[in-house]
Amino acid sequence: MPGLGQRQLIAIEMDVLAKNNALAAHNRDHFEATCQLVLNLVSSPGSGKTTLLCETLRRLEGQRPCAVIEGDQQTSSDADRIRTTGVPAIQINTGKGCHLDAKMVHDAYHQLPVQEGGILFIENVGNLVCPASFDLGEKYKVAILSATEGEEKPLKYPDMFAAAQLMIINKTDLLPHVRFDVERCIENAKRVNPYIQVIQLSATTGEGMDAWLNWLASA
Ligand SMILES: Nc1nc2c(ncn2[C@@H]2O[C@H](COP(=O)(O)OP(=O)(O)O)[C@@H](O)[C@H]2O)c(=O)[nH]1
Ligand SMILES: [Mg+2]
């Protein structure tokens, strides 16, 4: 912002984050009141968040009520994909914004028909930087990294992997075709977050999906 000094910029940024944190705490109260497990799915574009969500929702059908909030800069295509599974979804378009914030999630939550004891999945805007700083009131952030993205991503974007409870390595079906050192990737993630849990899966073949469903059941 031209005309503003470094100090003023930092003050504005701290104010924005403080307001967001207050609203995230408010969201948490709402989620607790309906016993929702709320997960914030973060990744770069194309790692397979929507594909994984659709496959997960199909497998949870009849077992646990689910709802989805979709974040993208433009289009409602991801929410449309989710609705083909029969699960209610709200699309938020952030325009030039690079992440969802707690206010957007709050407003969307109140439009969703959530049921007691369900899971609310939030698919954040695809990038490994901005969503790391914005608490939405979720219980956990789940970082999804696909086998085509390179094993050094946790070191390049440490804030995101430090904030995540779980790292999903997706597209394992492609491992025979790409140079991606899974062990190295896990090592890198643990360097920035020694407590991070890891699940390897392929959303398209279904390999490893059981581990993810078990994780959801105990989260
Ligand atoms: N081979 C393979 N492709 C996948 C897998 N998961 C997603 N994709 C593909 O990756 C592309 C991006 O997926 P999408 O779910 O839209 O990613 P998002 O941007 O993170 O929501 C699509 O072409 C998917 O079909 C997977 O496990 N294996
Ligand atoms: Mg998507």
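All ligand and atom numbering here is 1-based and tracks the order in the structure. Throughout, numbering of the chain's residues begins at 1 and tracks the sequence.
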- Item | Shortest reach to atom 21 (O) of ligand 1 by a heavy atom, considering only T50, I168, V125 | T50
- Item | Under-4.0 Å salt bridge between E152 and K156 | yes
- Item | Nearest non-hydrogen protein atom, atom 27 (O) of ligand 1 | A203 N, 2.9 Å
- Query: Where does the angle between the aromatic ring planes of H30 and H110 fall among parallel (under 30°), tilted (30 to 60°) and perpendicular (over 60°)?
  - Reply: perpendicular
- Message: With no hydrogens and no angle check, just 3.5 Å: does a side-chain donor-acceptor pair link D78 and T50?
- Response: yes
- Specify which N/O/S atom of E123 comes nearest to the Mg ion (ligand 2), by atom name. OE2
- Item | Three-point angle T50:OG1, the Mg ion (ligand 2), D78:OD2, rounded to the nearest 10° | 90°
- Shortest protein heavy-atom distance from atom 9 (C) of ligand 1, along with the residue and atom involved: K171 NZ, 3.9 Å
- What residue and atom, counting heavy atoms only, is the protein's closest point to atom 13 (O) of ligand 1, and at what distance? T51 OG1, 3.5 Å
- Task: Write down the atom of P154, the atom of L145, and the distance for their closest heavy-atom approach.
- Result: CD-CD2, 4.1 Å
- Query: Going by the order shown, which atoms of ligand 1 are within less than 4.0 Å of some heavy atom of L174?
  - Reply: 1 (N)
- Query: Say you draw a straight line from CD of E70 to CG of L41; how long is it, rounded to the nearest 0.5 Å?
  - Reply: 9.0 Å
- Less than 4.0 Å between atom 18 (P) of ligand 1 and some protein heavy atom, yes or no? yes
- Message: Checking a contact table here: which protein heavy atom is nearest atom 26 (C) of ligand 1, and how many Å away?
- Response: T204 OG1, 3.2 Å
- Heteroatom proximity flag, T172 to ligand 1, N/O under 3.5 Å: no
- In terms of side-chain geometry, is the basic nitrogen of R191 or E187 positioned less than 4.0 Å from the acidic oxygen of its partner? no
- For Q8, look at atom CD and say whether over 12 heavy atoms of other residues, nucleotides or ligands are found less than 6.0 Å away. yes
- Message: Can you name the atoms of ligand 1, numbered from 1 with element, that are less than 4.0 Å from a heavy atom of D173?
- Response: 1 (N), 2 (C), 26 (C), 27 (O), 28 (N)
- Those atoms of ligand 1 less than 4.0 Å from some heavy atom in S47: 17 (O), 20 (O)
- Message: If you count heavy atoms of other groups shown closer than 6.0 angstrom to CZ of R58, is the number above 12?
- Response: yes
- Item | Part of R81 with heavy atoms under 4.0 Å of ligand 1, whether side chain, backbone, both or neither | side chain
- Return yes or no for this condition: an N or O of G46 is under 3.5 Å from an N or O of ligand 1. yes
- Mind running side chain to side chain contact (heavy atoms under 4.5 Å, CB included) on V114 and Q36 for me, showing each step along the way? CA-CA 8 Å; V114 292; Q36 292 299 301; 4.1 Å; yes
- Check whether any side-chain N or O of T172 sits under 3.5 Å from a backbone N or O of L201 as a donor-acceptor pair, and report yes or no. yes
- Task: Could you tell me whether some N/O pair between L201 and ligand 1 is separated by less than 3.5 angstrom?
- Result: no
- Output yes when the distance from some N or O of ligand 1 to some N or O of G48 is under 3.5 Å, and no in every other case. yes
- Message: Is the contact between N170 and ligand 1 made by the side chain, the backbone, both, or neither, using heavy atoms and a 4.0 Å cut-off?
- Response: side chain
- Mark yes or no for whether N170, through its side chain, and S47, through its backbone, hold a donor-acceptor pair below 3.5 Å. yes
- Could you list the atoms of ligand 1 found under 4.0 angstrom from a heavy atom of K49? 15 (O), 17 (O), 18 (P), 19 (O), 20 (O), 21 (O)
- So for T205 against ligand 1, with non-hydrogen atoms under 4.0 Å, the contacting part is neither
- Donor-acceptor side-chain pairing of N40 and N124 below 3.5 angstrom: yes
